[in-house]
Enquirer: 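Sharing a structure below in structure tokens format, with a few things to ask.
Proteins come first, then strands; the chains are lettered A, B, ... in the order of their sequence lines, and each starts at number 1.
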Number of protein chains: 2
Amino acid sequence: MTRVLVIDDEPQIVRALVINLKARHYEVDAAHDGATALQLAAARHPDVVVLDLGLPDMDGVEVIRGLRGWTRVPILVLSARHSSDEKVEALDAGADDYVTKPFGMDELLARLRAAVRRSEPVPGGEDEVVVDTAEFSVDLAAKKVNRGGRDVRLTPTEWHLLEVLVRNTGRLVSQKQLLQEVWGPSYGTETNYLRVYMAQLRRKLEADPAHPRHFITEPGMGYRFEK
Amino acid sequence: MTRVLVIDDEPQIVRALVINLKARHYEVDAAHDGATALQLAAARHPDVVVLDLGLPDMDGVEVIRGLRGWTRVPILVLSARHSSDEKVEALDAGADDYVTKPFGMDELLARLRAAVRRSEPVPGGEDEVVVDTAEFSVDLAAKKVNRGGRDVRLTPTEWHLLEVLVRNTGRLVSQKQLLQEVWGPSYGTETNYLRVYMAQLRRKLEADPAHPRHFITEPGMGYRFEK
DNA sequence: CGCGGCCGTCAGAGTTCCGTCAAGGACGAC
DNA sequence: GTCGTCCTTGACGGAACTCTGACGGCCGCG
């Protein structure tokens, strides 16, 4: 869940933001002054910060600098001041966006989404999606299969088949479903393809291909992958 | 030097932007319609895009989608329309910021700086800037490749291809992804380019180009860089 | 016991895909 | 203009992959 830190000294604005954010399933922390804000940010590590520049205890730009000293969390500035200089100062201090009051809630939320989106890691990036078994491991993101310390080469079809099975670990996948996912919607009945390629997978991955422990046949129904 | 792509059909706005940007030592490309813009973006790989939504040939939001199909380059939208819906649509399509005309040049430039700044890699962050192998080393920041103590000369395309592969060390990168990242979104199928340039890279970097150890072919799927 | 359905195995044919080379064209430097 | 560099394009041999048919084993059933 995305965590938002809202910093504003006007209770009604904080309330409006909190209600709207929570309704959209954000997790929200709120601070009404700069000191509390910096503390909360350090303690809670929000994914995005909404900051009103007009705070009672310190200049909003100081809050930006305080945050930028240790984090690159997106900062969305709210301010009643329209002057160009103020905007430039805040942005150059490290803010990511600057919205002037009064603001539309839809727009603010859209800007918030944009800020969160671009700080996300590349999709299909680092997050390792690895499935381990006793004999081998499958890295779905890197498209790699490792067995006994060395990489196993799979052909596109073999890989595709393996992927479907692994994404349904423990579940029975019908022959028809496998054929259609791997070979296309019009290949619901060519079960001989399955036999051939399942044999390849077993030969490459099973310790004893004749007595598979991971690629289980369910006669007349389909196949199942088990860790 | 930071490269900016300006997309606007009003000559005077383009002129004003180009003059201001060049005075601040940006490198500037300009396009006056969406089709040209997408082409230029693919060819020149700007560090940031300034996009006017009102284009003669296509909807500005379509341009955003066209870019977002293959790149995360920051997009700063200019528009004469103040409506909240327009902003939300553009931002949710993938824009990073939305400025309404008439705009102050100072503010625009500050927002541009903010957009560029946050897309920069973490300075001294965890991402390795230098990747070493037994035979050569790649310095992603300095854009240099060293082999046996001397620098290897790479053409822009060779470098670009190498960069994509190295940034995905160990992971399989599909042919389509490589083509689109290096040559642009409309080059998803010209696999002969890949064959030619992969051969160049191997010739320049592999000890035995006929039996590559680092630039691995996965037939039918793509390529993989291994340390 | 014989039969049929289902599955695993094998090997060859056909097709697709890849590495390599070389020529042509665009572009900028001089 | 001339040169050099780089990108594009086509062609071809060989490698890798997919498809296909045939055969044998296992099991349940008549």
Enquirer: May I ask you to verify if any side-chain N or O of A:Arg203 is less than 4.0 angstrom from the OP1 or OP2 atom of C:dT9?
Expert: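 Result: no.
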Enquirer: Could you state the CG-P distance from A:Leu154 to D:dT18, rounded to the nearest angstrom?
Expert: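 So the CG-P distance, A:Leu154 to D:dT18, works out to 10 Å.
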Enquirer: Roughly how many Å is it from CE in B:Met221 to P in D:dA15, rounded to a whole number?
Expert: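 In whole Å, D:dA15 P lies 20 Å from B:Met221 CE.
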Enquirer: For the side chain of A:Thr217, counting heavy atoms from C-beta on, which of C:dC7, D:dT18, C:dC18 is nearest?
Expert: C:dC7
Enquirer: Could you tell me whether B:Lys101 and B:Asp8 make a salt bridge, using a distance below 4.0 angstrom between a side-chain N and a carboxylate O?
Expert: yes
Enquirer: From NE2 of B:His211 over to P of C:dG19, roughly how many Å is that when rounded to an integer?
Expert: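 Atom NE2 in B:His211 sits about 12 Å away from atom P in C:dG19.
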Enquirer: Out of C:dG8, C:dC18, D:dT9, which nucleotide sits closest to the side chain of A:Tyr223?
Expert: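 Nearest to the side chain of A:Tyr223 among the choices is C:dG8.
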Enquirer: To the side chain of A:Tyr197, which of D:dT18, C:dG19, C:dT20 is closest?
Expert: D:dT18
Enquirer: To the nearest Å, how far apart are A:Lys204 NZ and D:dC17 C1'?
Expert: 10 Å
Enquirer: Are any of B:Thr157's side-chain N or O atoms less than 4.0 Å away from OP1 or OP2 of D:dC6?
Expert: no
Enquirer: Are side-chain N/O atoms of B:Asn146 and B:Arg150 paired as donor and acceptor at under 3.5 Å?
Expert: no
Enquirer: Among B:Asp96, B:Val116, B:Leu108, which residue satisfies the side-chain contact (heavy atoms from CB on, under 4.5 Å) criterion with B:Leu76?
Expert: B:Leu108
Enquirer: Whole Å only: how far is the CG atom of A:Leu194 from the P atom of C:dT9?
Expert: 14 Å
Enquirer: Take B:Phe225 and B:Phe215, measure what ring pair (Phe, Tyr, Trp, His ring centres under 6.0 Å) needs, and give me the verdict at the end.
Expert: CA-CA 5 Å; B:Phe225 171 76; B:Phe215 300 95; 5.4 Å; yes
Enquirer: Looking at B:Thr2, B:Val73, B:Leu112, B:Leu5, which one forms a side-chain contact (heavy atoms from CB on, under 4.5 Å) with B:Asp47?
Expert: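 Exactly one pass, corresponding to B:Thr2.
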Enquirer: Using a cut-off of strictly less than 4.0 Å, decide whether A:Trp183 has a side-chain nitrogen or oxygen near OP1 or OP2 of D:dT18.
Expert: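 Negative; the distance criterion is not met.
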Enquirer: More 5' along DNA chain D: A:Tyr193 or B:Val196, using each one's nearest nucleotide?
Expert: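 Mapping each residue to its closest nucleotide by heavy atoms, the 5'-most match is B:Val196.
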Enquirer: For the pair made of CG in B:Leu179 and P in D:dC7, what is the distance, rounded to whole Å?
Expert: 14 Å
Enquirer: How is B:Thr191 classified with respect to the nucleic acid when contacts are heavy atoms under 4.0 Å: base, sugar-phosphate, or nothing?
Expert: nothing
Enquirer: Between C:dT20 atom P and B:Phe215 atom CZ, what is the distance in whole Å?
Expert: 14 Å
Enquirer: Evaluate the criterion salt bridge (Lys or Arg N to Asp or Glu O under 4.0 Å) for residue pair B:Asp151 and B:Lys144; output intermediate values, then yes/no.
Expert: CA-CA 7 Å; B:Asp151 285 349; B:Lys144 267 189 173 175; 3.7 Å; yes
Enquirer: Under 4.0 Å between a side-chain N or O of B:Gln175 and OP1 or OP2 of C:dC17?
Expert: no
Enquirer: Mind calculating the distance between CG (B:Asn192) and P (C:dG19) to the nearest angstrom?
Expert: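 Answer to the nearest Å: 12 Å.
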Enquirer: Can you figure out which of D:dC7, C:dG19, C:dT20 approaches the side chain of B:Thr155 most closely?
Expert: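 Closest of the options to the side chain of B:Thr155: D:dC7.
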Enquirer: For a quick test of reading the model: is some side-chain N or O of B:Arg195 closer than 4.0 Å to OP1 or OP2 of C:dC17?
Expert: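 Negative; the distance criterion is not met.
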Enquirer: Looking across every strand, which nucleic acid part, if any, lies under 4.0 Å from B:Gln200 by heavy atom: base, sugar-phosphate, or nothing?
Expert: nothing
Enquirer: On the nucleotide D:dT5, are OP1 or OP2 found under 4.0 Å from the side-chain N or O atoms that B:Arg153 carries?
Expert: no
Enquirer: What's the closest nucleotide to the side chain of B:Glu190 if the choices are D:dC7, D:dT9, D:dC17?
Expert: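 Minimum distance to the B:Glu190 side chain belongs to D:dT9.
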